[in-house]
Amino acid sequence: MSKSTNSSNASAPWAYSEKVKEHFLEPKNFLMGDEKQFDFNAKGTVGNKICGDEMTMYLKIEQGRVVDVRWKTYGCASAIASTSALSEMVKGKTLDQALKITPEQIADYLDGLPERKFHCSVLGSEALAQAVEEYRAPKK
Amino acid sequence: MSRLFLDYNAGALDPGGLGNPNGLHEESRHADILISRARDQVANLVGADPSEIFFFPSASLVNYFLITSFARVHTSPFEHPSVIKSISEFDSKNPTLVSCMLANNETGEIYNIEHFFSKFPNAKKHSDVSQAVGKIPVNLTAIADKTGLDFATISAQKIGGGKGSAALYIRGGKAGLKATTALKYRLFALGTPNAEAIRNFGAAADRAAKNIKKFKQHIRPMRDNLRARIQAEIPNIIMNTPAGATTELCSLPNTLDVSFPGAEGESIMLMLDAAGIATSTGSACATMDGKPSHVLMAMHKNEPTERAAEIAHGSIRFSFPPNAPPDTVDRIMNVLPNIIANLRAISTEVK
């Protein structure tokens, strides 16, 4: 359904790219309901309800590598799509590689975000950084 | 023999053959007659004398011209941005102009403008009635007699008259305008009247009278049914459109604004859009200035800021046209409960 552009249903182009639309309407790796359903060992939350965006990244880290990931997001279409995209990008990466993912790369992965929505992708990488930081902190 | 048109410098003829309404030849007179008829039609719709109707290119411009003609202005917190952003000095103690809309564009709430105006006997009084006209009966002469109203804003676009026309009502017509020097001397900047757009405004005003009946008989029960079904089928919601024993007097018949805390408005709106249903939201995520709806924030100002923001961010406005199909509510309720449940389930706030 997400990629269909059949002419009988021709609609005005979204302000968002097809890729954003796809990740918004069919998000990947989200965590539905209680977080206990996912076996994670790192978690980071950023944003706040006053701004209208809040997201949490849950990571399962094994031997310095992100082996699985889930997320929860309260926010607009681009916030949901950004977190979904980031969850795809981060899977399988080492922590150092994961930390190098920039907001620009998340936006690029989504074929761009409207300028005023760019902060949504910033929030995603901040949530990820916080999760990694939290994971590393007790070991120091 | 066809006429020779040699007044091209006054303005090329419109595609419909209309000339500059300010000229004296037949092409101009034709345009002027159309404008004059439209003035009668609009005046008839809003219960004013035709001499009290002044055409503008847009309702926002009406508000801008009027508000900026007064030094100190006080308004309700619920006004349209074209009112609020035109004010250079807010003054709630000794304003020269007070402004209170008749009905709110977001919530559909109908305000008691008489009560609002009564606290400012020395100020001129303005009401943006553009959301009320065509949805409920509006009689500006009666309102003016009762409340002291001096000015009102009327929009063509909101009653199906297309873009490019609106009207400023000035009580007493030219005499009323004379008393407002700053406004009077700026009207020249409006330029040549858009005869085509004004004609469409007039025609829409005639149709609007029939629509008022449709809104009352068909749309209001539909809206009330949507309210009841959302209340029954979706948990934890907040109705931003007031209801009461006298619903007809407290909100527009076609508007229902609801908040779904835990789900964000732009996401709800775009999910509905993907399901073929067009709505709007007061969420910051969907506005150009990145702030949640000032109307909903003001309405819920007694709540903690975080709660008020969540209510505004989670709001959806359903505003029915007069010809909404009979299965409208079923179609909304076939998809809305799932959309809200899914967005809440992936939200950071665990329900």
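Residue numbers begin at 1 in each chain, while the letters A, B, ... track the order of the sequences.
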If you look at every heavy atom in [X] and [Y], which pair is closest and at what distance?
X: A:M32; Y: B:N342; value: CE-OD1, 3.4 Å
X: B:E264; Y: A:Y74; value: N-CE1, 4.0 Å
X: A:M55; Y: B:T348; value: CA-CG2, 3.7 Å
X: B:S267; Y: A:A77; value: OG-N, 3.3 Å

Counting only heavy atoms not in A:E115, do more than 12 fall under 6.0 Å of its CD?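 Incorrect, the count does not exceed 12.
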Exceeds 12 heavy-atom contacts within 6.0 angstrom, atom OH of B:Y64: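 No, not enclosed.
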Just wondering, do A:K72 and B:I346 contact through their side chains at under 4.5 Å, heavy atoms?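 No, their side chains stay 4.5 Å or more apart.
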If you round to the nearest 0.5 Å, how far is NE2 of B:H313 from CG of A:D53?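 Atom-to-atom, A:D53:CG and B:H313:NE2 are 8.0 Å apart.
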To the nearest 0.5 Å, how far apart are CD in B:E266 and CZ in A:F24?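 Interatomic distance, B:E266 CD to A:F24 CZ, rounded to 0.5 Å: 7.0 Å.
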Side chain from CB out, backbone as N, CA, C, O: work out which of these in B:A312 comes under 4.5 Å of a heavy atom of chain A, or both, or neither.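 Contact with chain A involves no heavy atom of B:A312 at all.
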Decide side chain to side chain contact (heavy atoms under 4.5 Å, CB included) for B:M271 and A:L25; before the verdict, give the C-alpha distance in whole Å, the side-chain angles of both, and the deciding distance to 0.1 Å. CA-CA 7 Å; B:M271 290 279 181; A:L25 292 175; 3.9 Å; yes
Engaged part of A:S78 at the chain B interface, taking heavy atoms whose separation is under 4.5 Å: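 Only the backbone of A:S78 comes within 4.5 Å of chain B.
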A:I80, part contacting chain B, at a heavy-atom distance under 4.5 Å: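 The answer is the side chain of A:I80.
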